[in-house]
There are 2 protein chains.
Amino acid sequence: MTDPSPPTKDRLLEAAEHLFASRGFDEVSIRELAAAAGVNIAAVNYHFQGKENLFHEVCARRFSAQRDRTLQALEALQKESNPPPTLAMVIRTLVNEYLEGTLAADGGPGFLMAVSRELHEPEACDRGAMFKNMIQPVFSSFSSALQNVAPQLDPDQMTWIIASIVGQIHHFIMRWVKKEAMDPQNETYGIMLRIFPVLGEPLPVYIEQVTDHITRFTTAAITGMNREESA
Amino acid sequence: MTDPSPPTKDRLLEAAEHLFASRGFDEVSIRELAAAAGVNIAAVNYHFQGKENLFHEVCARRFSAQRDRTLQALEALQKESNPPPTLAMVIRTLVNEYLEGTLAADGGPGFLMAVSRELHEPEACDRGAMFKNMIQPVFSSFSSALQNVAPQLDPDQMTWIIASIVGQIHHFIMRWVKKEAMDPQNETYGIMLRIFPVLGEPLPVYIEQVTDHITRFTTAAITGMNREESA
DNA sequence: AGAGAAATTAAACAACCGTTTGAATTGTGT
DNA sequence: ACACAATTCAAACGGTTGTTTAATTTCTCT
């Protein structure tokens, strides 16, 4: 069973991941998928029982990869207790893993955009299960990590704070319009973003700068809200 | 020229605004549009030279309405100088206008989602002109309002801060899944959102609560970042 | 009233979609 | 080597899409 070229199903998954990420679900036909994978058109329905199912499998693969990556980073941060992690470090870890994982992956921000649209459509996919299996674990882990470094944090506020963080992250991801590898040796940090400034031309920035900003902004917000409440 | 029933073009625009907002661009055919407007199928191409153009006109209408609404609110806030507006009030004004204008409108969050997808696709629409005419004015007005209440604010940071605010707003809008008029007399505040909590079931909240959170979060972030810098 | 532009109509068009069919091919276990 | 299942294949199916056509109706102006 040592196939030199991977089986049809895997090649289809790989091609689908790339095409769906770069062009969205509706915009890519199964004829394109089959051509890109070098397989017959009927293979999609034979192996996945329809285009929709193939898309769901691709989503599940990438979601779980992103989830595992983030959980691992948060876990590692919790373990290294010398020096103990700070609030800013916990936030930075989540933001960094989210941005890097989403932008460095094949297709860049396209996949997040494709899946976010699908998530808000009719009950095509089981959003409840998707959320419970993919998103909830990350939320829980991040939430408890936050509690550790900011014990005074009101648990009721946790949901709101996480929403504000995720909102910022998604917004910056959606604004990524160009992918340029500046330094071949460290290409992750070469991915660039052009955000629209208040005035003037779009501004090219690095992932690092975005991580820095969200971390500083969010850390200041959390500590500030605490200070305000105890006053 | 006192037509009792509006001309074909207007009825088409109205039906298109509703349908595009609730189901997206791809998911609604021009046959549905024509049927909903009670006109012939060919009317779309006769009056708008294609489905795409009709969508752009709908977008332009709603974008400019949202822009005018927000600009007006910010302007009004600047004029009433007794008591002079605070940082929190400026932020609250932008957030409130954005949320109310987007969610109370026909189709609710659907339109923002439909247009945000379109904005990131190939050069179908002139994003440069769209940004310059629709978004840039609001950014400028909001930016100068912020400068007035927080003169120490670094202009270079303004772009980042606005991005963080807009990111939060969009995220909460996207999470709106249900529209319920709780109080017929004040139906705007009856629109509800179900955000995914860290644990447990989706939580129904009011627009007011979202506005409060974003305002407090952002205000604390800005003042906190300032404090941190001057330390 | 009548000529000419504008608007509306039913019908057809060509292209593409996701899926299915049934035969041909490849792989597997005995 | 043989029977049988799993897979691949070219071809076609039924349906929908956005757009166009050409005839007809409605409106406008002299």
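All values below were derived from every heavy atom in this structure, side-chain atoms included, with hydrogens, water molecules and symmetry-related copies excluded. This is a predicted model, so every value here is computed, not measured. Lettering of chains follows the sequences in order, A, B, ..., and the numbering in each one begins at 1.
Residue B/Gln49 contributes atom CD, which lies 14 Å from atom P of C/dA6 at whole-angstrom precision. One interatomic measurement links the two molecules: CD1 of A/Ile41 to P of C/dC16, which rounds to 13 Å at whole-angstrom precision. In this entry the distance linking CG of B/Asp26 with P of C/dC17 reads 12 Å, nearest Å. Whole-Å rounding puts the B/Asp10 CG to C/dT8 P distance at 11 Å. One interatomic measurement links the two molecules: CG of B/Asn45 to C1' of D/dG18, which rounds to 7 Å at whole-angstrom precision. A straight line from OH of A/Tyr46 to C1' of D/dA11 spans 19 Å, rounded to a whole angstrom. Note: NZ (B/Lys9) to P (C/dA7) measures 9 Å, nearest angstrom. When the P atom of C/dT19 is taken as reference, atom CG of A/Leu54 falls 10 Å away, rounded to whole Å.
OP1 or OP2 of D/dT16 has not a single side-chain nitrogen or oxygen of B/Ser29 nearer than 4.0 Å. Within the structure, every side-chain polar atom (N or O) of B/Asn40 is placed at least 4.0 Å from both OP1 and OP2 of C/dA7. Note on B/Thr8: a side-chain N or O is less than 4.0 Å away from OP1 or OP2 of C/dT8. Remark: B/His47 is not in phosphate contact with C/dA6, judged by side-chain N or O atoms under 4.0 Å from OP1 or OP2.
Screening A/Asp106, A/Val58, A/Leu33 against A/His18 for a side-chain contact (heavy atoms from CB on, under 4.5 Å) leaves a single residue, A/Asp106.
Between the side chains of B/His47 and B/Thr8, not a single donor N or O lies within less than 3.5 Å of an accepting N or O.
Contacts of B/Ala42 with the nucleic acid, taken as non-hydrogen atoms under 4.0 Å apart, include base atoms.
When each of D/dT19, C/dA7, C/dT19 is scored by its nearest atom to the side-chain atoms of B/Lys51, the top-ranked nucleotide is D/dT19.
Remark: aromatic rings of A/His170 and B/His171 are close, center separation under 6.0 Å. Between B/Phe20 and B/Phe111, the distance separating the two ring centers is not shorter than 6.0 angstrom.
Each of A/Val39 and A/Arg31 lies near DNA chain D, and the nucleotide nearest A/Val39 is the one positioned closer to the 5' end.
In this structure, B/Glu75 pairs ionically with B/Lys79, as a charged nitrogen and a carboxylate oxygen lie closer than 4.0 Å.
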